[in-house]
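This one's a predicted model, so the numbers in the text were calculated from it and none came from an experiment. We count residues from 1, following the sequence as given.
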Amino acid sequence: MDSPTQNTSLRRLQNVEKRIVRVLELAGGVMDELANPTGPRKEFINNHCREFMKMIKDIQVTLRDEIKSACEYRPFEKCDYSSRISNEICCKKLEYVLSQLDAMKQTIDEYQATI
């Protein structure tokens, strides 16, 4: 199941995707305006370029934050698998030692019975 942090991150990345689409639309609008046979409207181009640059900066900041967050994400940090396996191995070793001690005790008892 997704954690709330992952959902928030996915939402932010989806918003970045929408902003990238908008940036491409702005760039296309400027290109269309530059190709206008009557000449480009300076104010139109300035507004689009200003919005383009602002959105590019916002996209960069968001992506940088998401990359930083992803690098800090440690899904197995609280996992106890390693310690559980170590404990199981220790238990098996202890069982083996106990069986060896039982065998030694039986050998001693048999030896003392023959004396």
Side-chain angles (χ1 to χ4, degrees):
M1 183 135 196
D2 290 340
S3 73
T5 305
Q6 288 173 320
N7 286 335
T8 303
S9 181
L10 287 175
R11 248 184 270 115
R12 281 192 294 254
L13 290 173
Q14 286 172 339
N15 288 335
V16 165
E17 185 179 15
K18 290 174 186 174
R19 282 186 268 166
I20 289 171
V21 169
R22 176 65 183 143
V23 162
L24 293 173
E25 289 171 348
L26 289 169
V30 168
M31 295 302 292
D32 286 345
E33 188 63 26
L34 289 172
N36 190 347
T38 61
R41 295 172 291 179
K42 187 176 179 181
E43 189 63 31
F44 178 87
I45 290 177
N46 284 340
N47 288 339
H48 274 59
C49 288
R50 196 174 301 113
E51 187 179 352
F52 177 89
M53 293 306 290
K54 182 187 178 316
M55 291 188 84
I56 288 292
K57 183 179 177 186
D58 291 345
I59 290 167
Q60 286 177 325
V61 168
T62 304
L63 289 177
R64 189 178 308 119
D65 290 345
E66 288 305 312
I67 290 168
K68 186 176 167 184
S69 175
C71 290
E72 293 170 354
Y73 178 63
R74 306 221 189 293
F76 302 110
E77 193 171 72
K78 296 178 183 174
C79 180
D80 65 344
Y81 176 78
S82 164
S83 58
R84 282 189 298 128
I85 292 300
S86 289
N87 285 341
E88 284 184 37
I89 291 171
C90 287
C91 285
K92 293 295 180 187
K93 287 179 180 179
L94 187 57
E95 286 173 8
Y96 177 73
V97 168
L98 288 173
S99 72
Q100 293 297 310
L101 287 173
D102 286 341
M104 288 173 63
K105 184 180 183 307
Q106 185 178 1
T107 303
I108 292 170
D109 289 344
E110 288 172 3
Y111 175 76
Q112 288 180 350
T114 59
I115 298 180

Can you measure from [atom1] ([X]) to [atom2] ([Y]) and round to the nearest 0.5 angstrom?
X: K92; Y: I89; atom1: NZ; atom2: CD1; value: 11.0 Å
X: L24; Y: R19; atom1: CG; atom2: CZ; value: 13.5 Å
X: C49; Y: I56; atom1: SG; atom2: CD1; value: 11.5 Å
X: N15; Y: D58; atom1: CG; atom2: CG; value: 11.5 Å
X: I45; Y: L26; atom1: CD1; atom2: CG; value: 12.5 Å
X: K105; Y: I108; atom1: NZ; atom2: CD1; value: 8.5 Å

(request) Step through it carefully: locate the ring centre of H48, locate the ring centre of F44, and say whether they are under 6.0 Å apart. (result)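 Centroid distance H48-F44: below 6.0 Å, so yes.
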(request) Of all the heavy-atom pairs spanning R41 and E33, show the shortest one and how long it is. (result)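 Shortest heavy-atom separation between R41 and E33 comes out as N-OE2, 2.8 Å.
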(message) What I want to check is whether the side chains of R50 and N47 have a donor and an acceptor closer together than 3.5 Å.
(response)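 Short answer, yes.
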(request) Kindly work out whether a path of hydrophobic side-chain contacts (I/L/V/M/F/W/Y, heavy atoms less than 4.5 Å apart) joins V61 to V23. (result)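 No, V61 does not connect to V23 through the hydrophobic network.
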(request) Please answer: with hydrophobic residues joined when any side-chain heavy atoms are less than 4.5 Å apart, are F52 and I59 in the same cluster? (result)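 Yes, F52 connects to I59 through the hydrophobic network.
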(request) Please tell me if the side chains of E66 and V16 come closer than 4.5 Å, counting only heavy atoms from C-beta onward. (result)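 Not touching, per the 4.5 Å side-chain cut-off.
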(message) Any non-hydrogen side-chain atom of L63 less than 4.5 Å from a side-chain atom of L13?
(response)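 They are in side-chain contact.
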(request) Check for a donor-acceptor pair, side chain of S69 on one end and backbone N or O of D65 on the other, with a separation under 3.5 Å. (result)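 Between the backbone of D65 and the side chain of S69 there is no qualifying donor-acceptor contact (under 3.5 Å).
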(request) Apply salt bridge (Lys or Arg N to Asp or Glu O under 4.0 Å) to E51 and K54, showing your working. (result) CA-CA 5 Å; E51 187 179 352; K54 182 187 178 316; over 6 Å; no
